[in-house]
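This report concerns only the one structure given below.
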Amino acid sequence: MTGAVVWLERTSTGVAGASREAVGVARSIAGGGPVVGLLVGAGGPSAAERIPVDRLLLVDAPGLADASSAQLAALLAAAAAASGADSMVLAGTARGRDVVGRLAVRWGAAAATNVTDLVAGGSGELHVTRPVFGGRASETLELPGPRRILAPRPHAFAEPPPASAAPPSEALVLPDGFSALPGRGMEGFEPTVGSKGPELGEASIVVSGGRGLRTPESFHLVEELAESLGAAVGASRAVTDAGWRPSSYQVGQTGRAVSPQLYIAVGISGAIQHIVGMVSSRVIVAINSDAQAPIFKVADYGIVGDLFPILPALTAEIRRQRGLTGSAPG
Amino acid sequence: MEIAVLVKPVPDAETRLRPDPAGKGLDPEGVKWVLAGYDESAVEQALLLKESAPGTTVRAISYGPAVRADEVLRAAIALGCDRATSVEAPAGVADDPLVTAAALHLALSRFPASLVLCGKQTGDHESGLVGPAVAELLAVPEYGVAVNVRLDAGGAEMTLQQSVEGGLLRLRAKLPALVALQQAWNDPRTAKLPNILKSRKAPIDRVPAADVAAAVAARLPLATRRLAFRLPPPRTGAKMIEYKTPEEAAQKLVRILREKAKVFP
Ligand SMILES: Cc1cc2nc3c(=O)[nH]c(=O)nc-3n(C[C@H](O)[C@H](O)[C@H](O)COP(=O)(O)OP(=O)(O)OC[C@H]3O[C@@H](n4cnc5c(N)ncnc54)[C@H](O)[C@@H]3O)c2cc1C
Ligand SMILES: Nc1ncnc2c1ncn2[C@@H]1O[C@H](COP(=O)(O)O)[C@@H](O)[C@H]1O
């Protein structure tokens with residue numbers, strides 16, 4: 001294995017944290033070869049970002065800030081050709097995984113997504129571990145060479161420390177036929193009403209509420225706790241079925257699967273259909289008045305008690321520790 | 001117009017997972033095979049489109065050991081799909097999403113569709129690779145994490161919504177295309193008993209294993225090989241926080257998150 005290309009996905013605040021983690025993964029499979037970052041869209045990263053890659057390839061053409069996965073796959077294949085890399089790493093975000101599927105076909109590579117651990121052997125073999133069945137099991141896969149693409153699961157690998165200086169950068173020459181590829185065709189954006197926090201599937205902390213909240217009006221206790229932690233808000237199906245919150249909040253078998261660093265379940269009993277959607281979270285905290293609630297079987301830490309006095313106390317304590325003011329910002 | 005929905009047989013959520021004797025895969029003994037969760041959303045979306053555009057035919061396509069594929073295809077027919085294609089997995093072939101995509105591509109070349117719907121990812125292997133790989137093989141654009149699709153211009157175009165950070169993107173796209181569904185807004189319908197009974201006798205088109213073997217041959221050297229399949233050590237149960245007042249509970253929890261679990265932001 002020599003050399004790896006990483007797609008540096010942009011967010012409104014700079015290069016995505018998950019892409020920085022991907023840089024660390026690329027380093028561990030690059031076999032001592034160069035790690036090359038591909039940045040698509042206007043301008044390079046600001047000096048403050050100091051992404052620890054050896055070289056940056058930049059593509060800045062009109063409309064590419066919002067490139068389609070077919071366009072990104074073509075650009076990544078061109079970046080690999082330009083750098084001679086035989087591995088690629090893309091953050092396991094929704095967009096990243098779409099690109100991996102196309103790229104594996106186009107570039108003729110073995111691919112694995114949702115990777116949480118890996119072993120790169122001395123003679124070029126690559127074994128990866130990934131959770132399956134919503135974290136209820138895991139599998140170890142061997143990826144044959146010579147070409148491989150990995151999408152690490154967000155938060156599974158540590159972010160490498162920033163480089164001491166900005167890496168050298170140059171423009172990537174657009175591959176032949178690029179202009180014929182369809183773009184993403186974006187027409188408009190409708191922000192989710194009342195959603196200020198991070199996206200449920202990609203948040204590093206999720207606070208979810210269940211029927212224990214009793215009324216739609218008291219669900220704001222969960223939202224305030226989430227806000228104090230900078231967390232995304234989730235819900236059990238009891239809550240979304242009752243229409244207290246939209247179904248996009250639902251965590252579980254028929255909702256979203258999440259695997260944050262910290263999952264806090266409030267007034268949720270822990271039905272199997274809920275558990276399969278959150279059990280692979282790193283640390284699970286449950287707050288429930290029933291000491292026998294099944295959620296405590298999968299939780300790491302539990303508070304048995306009435307959520308109504310506990311949630312405001314917890315939110316206040318977190319705000320105090322984080323130096324936030326008492327009133328909700330913005 | 002023709003709509004294809006890709007549906008994967010996955011173990012029912014209540015299945016007690018057990019590794020097979022070699023420790024390399026799930027023991028299939030006694031497993032009930034059902035439609036993957038997001039595939040239910042894809043089927044529901046296909047049926048809504050059919051209801052909105054008369055003359056539309058929905059074909060469910062499933063790849064896998066024939067008994068499993070047939071099981072979920074009959075479920076799809078019972079829900080309202082018009083036709084079904086069972087793509088028979090050759091014995092012993094690698095279980096790899098890119099191999100699956102090559103097999104499904106063969107089926108789509110025999111039963112073409114201008115709109116292909118699939119799930120965002122399956123509840124078992126959760127790769128999320130099959131849809132985009134099929135789209136690349138078909139040389140059509142793919143639209144992931146969609147929650148809602150509407151056909152316009154007599155089926156030549158569509159408007160769709162994608163669920164992204166902080167909201168919904170509205171996109172306009174031309175067909176042919178592939179759309180991967182996330183959880184639909186409408187709860188997927190359930191099949192009525194007479195339709196379930198009728199689906200038992202519905203004809204199923206077949207793509208034979210020998211044809212599949214030839215179509216995936218080029219991809220096999222790149223297929224991932226499963227070395228191990230494990231269950232995590234059982235969780236030992238929560239460490240309960242002792243407290244006298246809500247404030248004490250809050251302080252203790254925050255201290256644990258900060259010092260022991262190291263997850264305090
Ligand atoms: C096919 C199928 C798919 C499903 N998919 C999903 C899914 O994706 N996601 C999902 O979540 N569910 C799903 N369900 C539903 C699931 O089975 C449960 O019914 C649901 O998760 C229960 O939600 P809950 O825990 O909020 O409510 P309950 O089970 O009613 O639990 C409420 C909890 O709140 C506690 N409580 C009450 N008052 C207080 C208080 N004052 N303080 C603290 N605690 C309190 C109670 O002790 C109880 O444990 C599915 C079900 C089926 C059949
Ligand atoms: N064996 C299969 N047969 C039919 N469709 C499949 C199969 N495997 C995956 N798919 C489709 O591809 C989607 C994504 O699957 P995956 O890439 O395995 O997460 C699924 O939701 C299905 O729509």
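Labels below follow one simple rule: chain letters A, B, ... track the order of the sequence lines, proteins then strands, and each chain is numbered from 1.
- Contacts between residues 92-104 of chain B and chain A, defined by a heavy-atom separation under 4.5 Å, are made by B:L98.
- Interface remark: A:V128 contributes no atoms to any contact with chain B (heavy atom separation under 4.5 Å).
- Every residue two or more places apart in sequence or in another chain that forms a side chain to side chain donor-acceptor pair (under 3.5 Å) with B:R230 is listed here: A:T140.
- For A:V100, the parts sitting under 4.5 Å from any heavy atom of chain B are the backbone and the side chain alike.
- Heavy-atom distances place the side chain of A:R130, and not its backbone, under 4.5 Å from chain B.
- Counting heavy atoms of neighbouring residues, nucleotides and ligands inside a 6.0 Å radius, atom CZ of B:R189 exceeds 12 of them.
- When heavy atoms are compared at a cutoff of 4.5 Å, A:I205 approaches chain B solely by way of its side chain, counted from C-beta outward.
- Using a 4.5 Å cut-off between heavy atoms, A:D300 contacts chain B through both its backbone and its side chain.
- Under the 30°/60° scheme for interplanar angles, the aromatic rings of A:Y263 and A:H274 are found to be tilted.
- Only the side chain of A:I272 comes within contact range of chain B, with heavy atoms under 4.5 Å apart.
- Annotation for A:R106: atom CZ counts as buried by contact number, over 12 foreign heavy atoms lying within 6.0 Å.
- With a 4.5 Å cut-off on non-hydrogen atoms, A:P309 touches chain B through its backbone and its side chain both.
- If you measure heavy-atom distances from A:A111 to chain B, the contacts under 4.5 Å come from both the backbone and the side chain.
- Listed in order of number, the residues of residues 255-265 of chain B that approach chain A to under 4.5 Å between heavy atoms are B:I256, B:L257, B:R258, B:K260, B:A261, B:K262, B:V263, B:F264, B:P265.
- There is no contact between A:S68 and chain B, counting heavy-atom distances below 4.5 Å.
- Across all their heavy atoms, B:L117 and B:A42 have their closest contact at CD1-O, 3.7 Å.
- Within residues 247-254 of chain B, the residues having any heavy atom less than 4.5 Å from a heavy atom of chain A are, in residue-number order, B:E247, B:A249, B:A250, B:Q251, B:L253, B:V254.
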